[in-house]
> 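One structure, as structure tokens, below. Some questions next.
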Amino acid sequence: MDLQYILELIGTYFFAVSGALAVQDREHDVFGAGFTGFVTAIGGGSLRDMLLGSYPLAWIADIGFLYTILAGILSTLFFFKFLSRLRKTLLFFDSMGIALFTVLGVEKALNLGVRWEIAAIMGMFSAVMGGVIRDTLTNATPVLFRKEIYATACLAGAFMYLILRNFGVERDINLLVSFFLIIAIRLIAVRYKLSLPKLGWKK
Amino acid sequence: MDLQYILELIGTYFFAVSGALAVQDREHDVFGAGFTGFVTAIGGGSLRDMLLGSYPLAWIADIGFLYTILAGILSTLFFFKFLSRLRKTLLFFDSMGIALFTVLGVEKALNLGVRWEIAAIMGMFSAVMGGVIRDTLTNATPVLFRKEIYATACLAGAFMYLILRNFGVERDINLLVSFFLIIAIRLIAVRYKLSLPKLGWKK
Amino acid sequence: MDLQYILELIGTYFFAVSGALAVQDREHDVFGAGFTGFVTAIGGGSLRDMLLGSYPLAWIADIGFLYTILAGILSTLFFFKFLSRLRKTLLFFDSMGIALFTVLGVEKALNLGVRWEIAAIMGMFSAVMGGVIRDTLTNATPVLFRKEIYATACLAGAFMYLILRNFGVERDINLLVSFFLIIAIRLIAVRYKLSLPKLGWKK
């Protein structure tokens with residue numbers, strides 16, 4: 001098993017946990033938590049691949065993703081008291097998840113032959129759309145409308161990856177730099193409560 | 001016309017009715033009711049086939065589905081007073097719809113060559129995702145978060161089908177047994193107000 | 001560049017504006033406005049093409065769409081005070097957008113070999129689904145449930161196009177007639193506050 005595959009599974013695991021935890025304040029049963037964890041974990045990548053017409057979808061072709069999601073859901077159900085105290089740890093791993101999915105999503109789109117602008121969008125979609133679907137299902141305002149700099153961090157990392165690639169930087173170094181740029185932007189934004197300017201056009 | 005095709009049309013008809021009826025307490029016009037009936041009827045199967053990359057979609061390839069949906073919508077509009085008194089009848093037919101779509105969805109996924117775990121999920125998706133889309137459009141909490149054991153019944157039936165198939169049970173018998181298992185679980189859950197445990201992790 | 005391509009870009013531009021403007025009363029940042037503008041502009045056409053299995057999607061194959069959307073979002077952000085005074089102008093261009101996307105969507109579906117009933121639905125989906133996704137993301141009641149005759153106007157135009165085509169009317173004339181029928185129905189409905197009958201089955 002190569003490193004990329006392991007990292008994808010880790011990202012999938014934490015997306016599943018974040019989805020299953022998302023229903024914690026609502027009147028959902030255990031199945032609802034599992035369902036939400038599942039669609040959070042597969043949503044972003046599935047949408048990216050369906051938009052690109054890239055079949056079969058990763059989680060359908062490789063059963064490892066499904067069992068990773070199941071592990072994420074079960075560990076949430078059994079350890080939710082522990083996990084809910086880990087709010088900051090979760091923030092860190094959620095950031096790792098979106099950072100990882102962004103750079104892997106950009107790469108996958110480029111390998112399918114699309115232009116770099118489209119690849120950047122596909123990277124961002126991979127990272128944030130699972131959360132958007134999760135929030136839509138639970139009737140919450142989607143995360144990318146309320147959180148400190150979130151999808152913007154993904155876009156910034158996607159562009160960094162594309163720029164470094166254009167300058168011929170080696171893939172592994174490029175992945176690492178872009179990955180940590182996203183995490184850094186995200187964590188600094190949360191730490192200092194930074195956000196993009198509001199529109200200020202309320203009537 | 002074979003029995004399976006007729007059953008698919010019947011399931012589609014009742015999904016269309018349940019969708020068109022879903023807007024009854026809101027300020028929707030007749031088109032809104034029809035639109036909701038339509039997406040409820042095609043949503044689950046379409047999502048399953050788009051995830052699997054199986055084209056053309058059934059309702060696009062066979063015009064019989066569209067006219068069946070139209071019949072479901074029109075009969076809802078003309079007979080809604082009668083239908084709304086039939087709440088229990090509708091529950092029964094909705095259960096028939098999800099039971100049927102589950103087992104047919106599992107079969108279709110298996111025929112496309114996916115693993116049994118994926119097939120079980122695809123069967124459940126076929127059955128419940130039309131309702132999830134319906135509820136998202138009408139800003140209601142999705143049915144699988146609020147109803148008595150619902151999607152779980154579909155999953156149970158899907159696993160029953162896969163187990164019996166694995167033991168070499170004849171297809172027709174297998175379809176019948178799995179179909180009635182889903183209906184039985186669903187009706188018993190509603191009758192005795194059974195539900196899965198709540199998470200109980202509200203703060 | 002042919003006329004059809006230019007019209008598609010114009011329609012895309014105004015969908016992007018309408019999406020970015022949709023968040024004006026909420027607590028969104030500039031990225032949220034841009035994201036909403038983007039999904040509004042690509043949503044309807046993408047869903048149509050994913051349902052039909054027609055790849056690559058137009059906005060992925062032709063980068064002109066992405067920059068058109070970007071222009072729409074940026075002009076919204078810079079000129080929102082001007083644009084928000086242009087409510088009637090926007091209504092007119094939104095109507096132009098749905099009218100254009102309807103007839104082009106019907107044509108595209110017919111060219112892919114589907115039946116005329118399916119083509120009519122695909123035309124309507126192209127026109128209205130971007131707005132439905134926009135409204136779902138912003139937790140608003142979808143436009144086609146609350147506005148004066150909206151999707152119904154698209155369906156009427158789609159059927160007009162199909163009827164005229166069946167009678168051998170030349171394509172350019174057909175496009176124009178169907179296009180203006182949709183605009184006329186929509187503007188008359190708004191002017192005289194016409195709507196389809198409510199269901200009247202509230203309990």
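Lettering of chains follows the sequences in order, A, B, ..., and the numbering in each one begins at 1. Quick caveat: nothing in here was measured; it's all calculated off a predicted structure.
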> Does anything in residues 55-75 of chain B reach chain C? List residues with heavy atoms under 4.5 Å apart, or say none.
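Within residues 55-75 of chain B, the residues under 4.5 Å from chain C are Tyr55(B), Leu57(B), Trp59(B), Ile60(B), Ile63(B), Leu66(B), Tyr67(B).
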> Please list, chain by chain and in numerical order, all residues satisfying side-chain contact (heavy atoms from CB on, under 4.5 Å) with Thr152(B), sequence neighbours excluded.
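Thr152(B) satisfies side-chain contact (heavy atoms from CB on, under 4.5 Å) with Phe31(A), Ile149(B), Leu196(B) only.
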> To the nearest 0.5 Å, how far apart are CE in Met50(C) and CG in Asp49(B)?
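Between atom CE of Met50(C) and atom CG of Asp49(B) there are 13.0 Å.
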> Going by residue number, which parts of residues 158-180 of chain C are within reach of chain B, meaning a heavy-atom gap below 4.5 Å?
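None at all.
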> Can you list the residues of residues 108-124 of chain C that sit under 4.5 Å from chain B, counting heavy atoms only?
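The stretch touches chain B at Val114(C), Arg115(C), Trp116(C), Glu117(C), Ile118(C), Ile121(C), Met122(C), Met124(C).
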